[in-house]
2 protein chains.
Amino acid sequence: MPAGSGATASTSPRARGESLGVLKFLAQVGADHTPVVVTSREVGAKLGVSQQAADRYLVALEKRGLLVRTLAQRRQRIQLTPAAMDLLRAEYHLYRRIFEGPARVTIEGTVVSGLGEGRYYLSQPGYVVQFSERLGYSPYPGTLNVRVDGAALRTLSVMAGWTGIRIDGFQASGRTFGGASCFAARINGRAGHLIRPDRSHYKDVVEFIASERLRDALHLKDEDPVKVDIEEP
Amino acid sequence: MPAGSGATASTSPRARGESLGVLKFLAQVGADHTPVVVTSREVGAKLGVSQQAADRYLVALEKRGLLVRTLAQRRQRIQLTPAAMDLLRAEYHLYRRIFEGPARVTIEGTVVSGLGEGRYYLSQPGYVVQFSERLGYSPYPGTLNVRVDGAALRTLSVMAGWTGIRIDGFQASGRTFGGASCFAARINGRAGHLIRPDRSHYKDVVEFIASERLRDALHLKDEDPVKVDIEEP
DNA sequence: ATTACTAATCGCCGAGTAA
DNA sequence: TTTACTCGGCGATTAGTAA
């Protein structure tokens, strides 16, 4: 039995492609950081569709929360929302990966003492089984905490867009354990993982896990400098 | 009188968006540098369309010369063509510009003597009028030639994708004068333009023009080092 | 000018199916 | 399994038009 277009969801396959085209165009003309007067005719001309179709694209994008229009008399001013910029940024990263390869981040920091809670968390069977399965090893039950300065923190911020190895949260002993993301890393050359809890309380400290106790393996003590390499997954 | 879809050209508006999606996906899975076994079902799943639609996309892209398929028995191996990579690269640059701003290139080189032909060419009225109109000044009739080494040459290669200020070719005195592209540049801080003839005979020499004689203004002689800054138009 | 609604249309889509 | 064709039909598209 023949069927019609399968585009039943709010975002149809074909509409998605055009959405990106519209957002791309708007970002190019500066709607990414300030409201810009753009007529639906201009958008249509740029995309090779009619004014009417372009207008519907704009209305749909507004409904999806990707742009805001302020209709002053007859001319609309358009500004992209952060959600739209996230979308475009994801696209940018995708292309950058194609042409530049996976991004790599290298930072330096200093070893600091944690609150000892790393040992408690990493001993939870709910985590241990996931680490074994997804990282390929059972981490030593304790994290190496590294404090980074502002510059390194900014460097690390590019990781915000990365999707690491997922460690899911779970319930045990009547309480909730949160999820986290892991990223393969080298700490002074040693293989391990940066672990980023979904809800971290640290701001300038990053945590690492490895199969061995990194402090011992690398002969580290508090305030020692360490060099960390992380590659995009 | 209402009309149907206006998508009459070989590349319909909606198909264009999907094309990019397909090429993007193929590049991600490595078809940019080696033939990759990809089924139409996989492509369809990735794009959220049926196997049939995905297959049509692939056939259309092959017809447009953007990919080559080798159908071995039942599995097709797909590789992207340079034309497709150009398309994706253009897209990449567009996004990079949105997020990183115009690219800038800084290189160093050494002053060399040209063949004196710069003076002859730059004296041609056909060029002079275009320079005045499009660069905003009449260049001193002579080019500053700068030799760059291999590393700088690679740095310059990113300019290959840039579109500069166009200088059109023309006919005069019974012969043909070729076109060129100009790029705003700073030579040791002095404003000028890098001029890139469409058909250049140099490989490791770049030419600059400015309103003044750069050799005099900067007190340069052969073999002197110069630093050049060029910003994406 | 604009934005945006309505009506009528063709083109893209996916199921079925062949090779 | 694949790739890829036919074909009925939905719906995105455009022209016309109102505001």
Please work out if [X] contacts a base, only the sugar-phosphate, or nothing of the nucleic acid, heavy-atom cut-off 4.0 Å.
{"X": "B:Q76", "value": "sugar-phosphate"}
{"X": "A:L71", "value": "sugar-phosphate"}
{"X": "B:T39", "value": "sugar-phosphate"}

Next item on the list: Please report the shortest heavy-atom distance between A:L194 and A:A185, naming the atom on each side.
Entry: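 Here A:L194 and A:A185 meet closest at N-CB, 4.0 Å.
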Note to self: I'd like to check B:L67 versus B:L26 (side-chain heavy atoms, cut-off strictly below 4.5 Å). Are they in contact?
What the structure shows: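 Yes, at least one pair of side-chain atoms sits under 4.5 Å.
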Next item on the list: Would you mind reporting whether B:L66 and B:L61 have side-chain heavy atoms less than 4.5 Å apart?
Entry: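 Yes - at least one pair of side-chain heavy atoms lies under 4.5 Å apart.
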Looking at [N], I'd like to know if its phosphate oxygens (OP1 or OP2) sit under 4.0 Å from a side-chain N or O belonging to [X].
{"X": "B:S40", "N": "D:dT3", "value": "yes"}
{"X": "A:R75", "N": "C:dT3", "value": "no"}
{"X": "B:Y57", "N": "D:dT3", "value": "no"}
{"X": "A:R56", "N": "D:dA12", "value": "no"}

Length of the [atom1]-[atom2] vector between [X] and [N], whole Å:
{"X": "B:R69", "N": "D:dT3", "atom1": "CZ", "atom2": "P", "answer": "8 Å"}
{"X": "A:E18", "N": "D:dA12", "atom1": "CD", "atom2": "P", "answer": "13 Å"}
{"X": "A:D55", "N": "D:dA12", "atom1": "CG", "atom2": "P", "answer": "15 Å"}
{"X": "B:R41", "N": "D:dT3", "atom1": "CZ", "atom2": "C1'", "answer": "11 Å"}
{"X": "B:Q51", "N": "C:dT17", "atom1": "CD", "atom2": "P", "answer": "15 Å"}
{"X": "A:Q52", "N": "C:dC5", "atom1": "CD", "atom2": "C1'", "answer": "10 Å"}
{"X": "B:L58", "N": "D:dC5", "atom1": "CG", "atom2": "C1'", "answer": "16 Å"}
{"X": "A:R77", "N": "C:dT2", "atom1": "CZ", "atom2": "P", "answer": "17 Å"}

Next item on the list: Kindly indicate whether a cation-pi arrangement holds for B:R97 with B:F99, taking the cut-offs as under 6.0 Å to the six-membered ring centre and within 45° of the axis.
Entry: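 No, cation not above the ring by the 6.0 Å, 45° rule.
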Note to self: side-chain contact (heavy atoms from CB on, under 4.5 Å) for B:Q130 and B:D168? Distances and angles first, verdict last.
What the structure shows: CA-CA 8 Å; B:Q130 290 190 67; B:D168 300 312; 3.7 Å; yes
Item checked: Nucleotide of D:dT14, C:dT3, D:dT3 approaching A:A53 most closely (side-chain heavy atoms) ->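 The answer is D:dT14, which lies nearest to the side chain.
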Next item on the list: For B:R166, look at atom CZ and say whether over 12 heavy atoms of other residues, nucleotides or ligands are found less than 6.0 Å away.
Entry: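 Yes, CZ of B:R166 has more than 12 neighbouring heavy atoms, counting only those of other groups under 6.0 Å.
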Notebook entry, point to check: In dot-bracket form, how is DNA chain C paired, counting a Watson-Crick or G-U wobble pair only if both its distances are under 3.5 Å and using | for bases paired to another strand?
Noted result: .||||||||||||||||||
Check: Do you know which of A:S181, A:S211, A:C182 makes side chain to side chain contact (heavy atoms under 4.5 Å, CB included) with A:H193?
Finding: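 Exactly one candidate clears the test, A:C182.
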